[in-house]
Amino acid sequence: MPYATHPPDDLAAMLDAVDADDPTELFDIPESVHFEGAYGIDAHSEREARARVADVLGRSAPRTEFLGGGHYEHYVPSVVDHLSLRSEFLTSYTQYQPEIAQGFLQALFEFQSLVVELTGLDVANASMYDRSTALGEAALLADRVRRTDGDTILVPDSLPRRVQSVLENYTQGPGLSVERYPTADGTADVDALDALVGDDTVMVYAATPNAHGLLEPELAAIGDVAHDADALFCVGSDAVALSVLEPPAAAGADVVVGDASVLGMGTANGMGLGIFAAREDFLRQLPGRLVGASEDADGARAYTLTLQTREQHIRRERATSNICSNQAWVALRASIHAAWLGPRGLIDLAEECVAGIDELCARVDELEGFSAPVYEGAHFREAAIGTDAPAAAIAERLREEGFALRTRRDGDEEYLLACVTDVNREAIDDLVDALAATVGVAV
């Protein structure tokens, strides 16, 4: 062990105490994965290794992404890296000692304040892992606070399966059931939802924008359906979209979850940053940590971890979550980015997400063999594109031309999904030309 070596006498004493002759006896490694040979990797200097990696990466064809699907790339200003990579932030652990963590605690307090302002709700925690785990925690909160018995969580049938899978992992333990309610023309079918909601409904979830990129026009009506059944109403969104949308609280949302990695992070395709906000009634039921503002002994404003209802800090039976480490550093980056943009800049960014996808749809809709958008309504960043030829074949052809788009199936129909942000909007002309080149060509 190169970092914490043990003198031979200490090692011998510890092995004797556990009746072992060698440390390898403490590990049960299956024969199927046991490896005793040589790796066969030649040693290289750092300079040689960097050059070799650069050569391998350089063989990958450049590709312009129009993927979206929960991972959205926006331009991240250099100040985010310059500040967040400072050692006092980058090497910081959970801010248990407020006397040495005021800067980080203030940044997290500002993050919470940003989420509260965007959602219109009363309280927000200091972040979650991602939007999927935030939705899972919302379901558990709903189960804890609902006045009557019930075990059903209702989500739209457009909810991505990977998000529902995480939700089901969270709800399996307490015995909750996740069921899907119908959508019509890309958004919630409120009448069908009303027919499904009953006394056993614990929570109703709706997203705006949803998986089709559509803004949900009947958000308040969905909330009314949930509340009529004494169920909680949970809304999913993201930090950029919320800057131009009516706060979900105005539509009756009890809880808002979603994604904030749209600020401060490039497309990590896995790394996320979840937001979680709720009405003040649920303050002591929020998962994770809450940073609060107080005063120090001299009467100066000070910040501290005010509420930590996780099982490491309180009795397990009273804990609301076993979340061990939130995304504090990623939340810091989001806070820096938001502060750099300012209120007007955040709105400008959101408006570009609307204008960009509208521009792409208008251009594509003029092409033979394509229709865009598939669903009528207001879109944000993403939209479905109808194709006469098989969508998967067109996506493959586009990949060969250097463009990455997703496909999605809705019943018997399969279509392309395109996402436009400030980062790839300048490539719309090239994408339209590539789409036009597939017309009349066997794909």
| query | Run the side-chain contact (heavy atoms from CB on, under 4.5 Å) check on W340 and V80 step by step: do they pass? | reply | CA-CA 9 Å; W340 180 84; V80 175; 5.8 Å; no
| message | Just checking E400: does its CD atom have more than 12 heavy atoms from other residues, nucleotides or ligands closer to it than 6.0 angstrom? | response | yes
| query | Between D238 and R131, does at least one N-O distance fall below 4.0 Å, as a salt bridge requires? | reply | no
| message | Rounded to the nearest 0.5 Å, what separates atom CG in L118 from atom CG in L346? | response | 6.5 Å
| note | CZ (R399) and CD (E396) are apart, to the nearest 0.5 Å, by 4.0 Å
| task | Could you tell me how the ring of Y415 sits relative to the ring of H212: parallel (under 30°), tilted (30 to 60°) or perpendicular (over 60°)? | result | tilted
| field | Electrostatic pair R279-D254, nearest N-O below 4.0 angstrom | value | yes
| Should we say atom CD of E426 is surrounded by more than 12 heavy atoms from elsewhere, each under 6.0 Å from it? | no
| message | Is there a side-chain contact between L307 and R289 in this structure, where contact means two heavy atoms from C-beta onward sitting under 4.5 Å apart? | response | no
| task | Please state whether the rings of F403 and F66 are parallel, tilted or perpendicular, taking 30° and 60° as the class boundaries. | result | tilted
| Heavy-atom pair of closest approach, residues V190 and A221 | CG1-CB, 4.1 Å
| field | Side chain to side chain, R381 and V420, heavy atoms closer than 4.5 Å | value | no
| request: Please tell me if the side chains of M203 and L154 come closer than 4.5 Å, counting only heavy atoms from C-beta onward. | output: no
| note | Here the pair of heavy atoms bringing V256 nearest to P248 is CG2-CB, 3.6 Å
| query | Quick one: CG on D151 to OG on S177, what's the gap to the nearest 0.5 Å? | reply | 6.0 Å
| task | Identify the two heavy atoms, one from A139 and one from T171, that lie closest to each other, and give their separation to 0.1 Å. | result | CB-CG2, 3.9 Å
| task | Give a yes or no answer on whether the side chain of S132 reaches the backbone of V163 with a donor-acceptor pair at less than 3.5 Å. | result | no
| request: Compare every heavy atom of A207 with every heavy atom of E216, then report the nearest pair and how far apart it is. | output: CB-O, 3.8 Å
| note | In short, P174 meets D143 closest at the heavy-atom pair CB-OD2, 4.0 Å
| task | Begin from the C-alpha positions of R333 and D81 and carry the test salt bridge (charged side-chain N to carboxylate O under 4.0 Å, His left out) through to its verdict. | result | CA-CA 8 Å; R333 292 179 61 92; D81 280 342; 2.8 Å; yes
| said: Looking only at the side chains, is there a donor atom on one of Q164 and E168 sitting less than 3.5 Å from an acceptor on the other? | reply: yes
| said: Counting C-beta onward and ignoring hydrogens, is there a side-chain heavy-atom pair between L232 and V204 closer than 4.5 Å? | reply: no
| Stepwise, does the side chain to side chain donor-acceptor pair (under 3.5 Å) test hold for S371 with D365? | CA-CA 5 Å; S371 59; D365 199 47; 5.2 Å; no
| Is there a side-chain contact between L159 and Y181 (heavy atoms, below 4.5 Å)? | no
| field | Audit row: L431, L405, side-chain contact (heavy atoms from CB on, under 4.5 Å) steps and yes/no | value | CA-CA 10 Å; L431 176 60; L405 278 76; 3.8 Å; yes
| request: Establish, from distance only, whether the side-chain atoms of D200 and T152 form a donor-acceptor pair under 3.5 Å. | output: yes
| task | Check whether any side-chain heavy atom of I394 lies under 4.5 Å from a side-chain heavy atom of F370, and answer yes or no. | result | yes
| message | Side chains of V257 and E137, heavy atoms from C-beta outward: is any pair under 4.5 Å? | response | no
| query | Salt bridge between R406 and E382, side-chain N to carboxylate O under 4.0 Å? | reply | yes
| Parallel, tilted or perpendicular: ring planes of F233 versus H227, cut at 30 and 60 degrees | perpendicular
| note | When rounded to the nearest 0.5 Å, the distance separating CG of L273 from OG of S261 is 6.0 Å
| message | Can you give me the closest heavy-atom contact between C419 and L67, atom names plus distance? | response | CB-C, 3.9 Å
| field | Distance (rounded to the nearest 0.5 Å) between L263 CG and L341 CG | value | 6.5 Å
| message | Strictly distance-based, threshold 3.5 Å: is any side-chain N or O of S113 a donor or acceptor partner for the main-chain N or O of F109? | response | yes
Show which side-chain atoms of residues 347-356 pair as donor or acceptor with protein atoms under 3.5 Å away, not counting sequence neighbours.
unit_1, atom_1, unit_2, atom_2, d
D348, OD1, R344, NE, 3.0
D348, OD1, R344, NH2, 3.0
E351, OE1, R344, NH2, 3.4

| task | For residues L332 and I336, determine if any side-chain heavy atom of one lies less than 4.5 Å from a side-chain heavy atom of the other. | result | yes
